[in-house]
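The chains referred to below are lettered A, B, ... by the order of the sequence lines, with proteins before strands, and numbering in each begins at 1. This is a predicted model, so every value here is computed, not measured.
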Amino acid sequence: SAVISQKPSRDICQRGTSLTIQCQVDSQVTMMFWYRQQPGQSLTLIATANQGSEATYESGFVIDKFPISRPNLTFSTLTVSNMSPEDSSIYLCSATDIAGNTIYFGEGSWLTVV
Amino acid sequence: GENVEQHPSTLSVQEGDSAVIKCTYSDSASNYFPWYKQELGKRPQLIIDIRSNVGEKKDQRIAVTLNKTAKHFSLHITETQPEDSAVYFCAASSSGTYKYIFGTGTRLKVLA
């Protein structure tokens with residue numbers, strides 16, 4: 001299984017600021033995704049991180065708010081821009097294995113916006 | 001797009017009893033159905049999965065069944081233990097997109 005490292009693991013952010021979350025996978029993977037999990041809620045897909053090109057965003061999420069990069073097969077970043085308290089969530093990086101079968105999650109980045 | 005519904009939202013069982021969680025999906029192209037367990041403060045962990053060419057899969061006390069015609073799949077936990085207490089999520093994806101759409105989650109409490 002892939003080992004996925006995320007940082008920061010936790011942060012308290014000021015309203016109006018931006019924060020970039022980094023995700024590193026220990027092996028080559030096919031797909032990388034970013035999910036958001038609001039308190040007590042399920043996981044909602046933000047976007048698919050595409051290597052070397054713009055991410056594919058789900059309905060309700062836009063690039064200006066959640067810019068994503070994936071410069072190579074094993075690394076991706078998610079920026080949460082101009083944060084408001086509603087952005088307080090767990091942000092989870094995930095990746096499928098080389099066969100595109102199973103999805104694995106990073107430890108998550110717990111953001112609190114004050 | 002795909003929509004996954006999950007029931008019940010909460011489930012309490014006595015230790016040793018069985019627990020069943022059910023999910024339905026909308027996209028007939030979905031062909032992979034994993035189940036995740038999330039303990040408080042932890043990331044979701046894959047516990048079992050099933051593909052559309054299989055009707056049932058079992059791993060010790062955990063089993064998953066799939067009914068493609070009805071578009072529903074279920075998680076069965078037998079001989080429940082307190083450490084089974086967690087939130088369980090079902091998900092569905094299709095090989096074409098590899099996107100995983102998650103159910104709303106079930107909070108399972110196993111009472112000692």
Following the transitive rule for hydrophobic clusters with a side-chain heavy-atom cut-off under 4.5 Å over Ile, Leu, Val, Met, Phe, Trp and Tyr, establish whether A/Leu73 and A/Tyr104 coincide in one cluster. no

Check whether A/Phe61 and A/Phe33 end up in the same hydrophobic cluster, where Ile, Leu, Val, Met, Phe, Trp and Tyr are linked by side-chain heavy atoms less than 4.5 Å apart. no

Calculate, to the nearest 0.5 Å, the distance between atoms OH and OG1 belonging to B/Tyr32 and A/Thr96 respectively. 10.0 Å

With a 4.5 Å cut-off on side-chain heavy atoms, are B/Tyr36 and A/Leu43 touching? no

Among the clusters formed by ILVMFWY side chains lying less than 4.5 Å apart, do A/Phe75 and A/Val3 turn up in the same one? no

Check the surroundings of atom CD in B/Gln60: do more than 12 heavy atoms from other residues, nucleotides or ligands lie under 6.0 Å from it? no

Calculate, to the nearest 0.5 Å, the distance between atoms NZ and CG belonging to B/Lys99 and A/Leu45 respectively. 6.0 Å

What about B/Tyr100 and A/Tyr35, are their ring centers closer than 6.0 Å? no

Those residues at least two apart in sequence (or on a different chain) that pass side chain to side chain contact (heavy atoms under 4.5 Å, CB included) with B/Glu79 are B/Arg61

At a heavy-atom separation under 4.5 Å, does B/Pro34 approach chain A through its side chain, its backbone, both, or neither? neither

Please check if the number of heavy atoms outside B/Lys71 that lie under 6.0 Å from its NZ is greater than 12. yes

Distance col, row B/Arg43:CZ vs A/Gln37:CD, nearest 0.5 angstrom, shows 13.5 Å

Ion pair check, B/Lys42 and A/Glu107, cut-off under 4.0 Å: no

Return the CD1 to OG1 distance between B/Ile101 and A/Thr44, rounded to the nearest 0.5 Å. 9.0 Å

Run the numbers on A/Phe105 and B/Leu46 for side-chain contact (heavy atoms from CB on, under 4.5 Å), then give the verdict. CA-CA 9 Å; A/Phe105 288 93; B/Leu46 177 71; over 6 Å; no

Rounded to the nearest 0.5 Å, what's the gap from OG on A/Ser42 to CD on B/Gln38? Could you check? 9.0 Å

Are B/Val87 and A/Trp110 linked, directly or through other ILVMFWY residues, by side chains that come within less than 4.5 angstrom of each other? yes

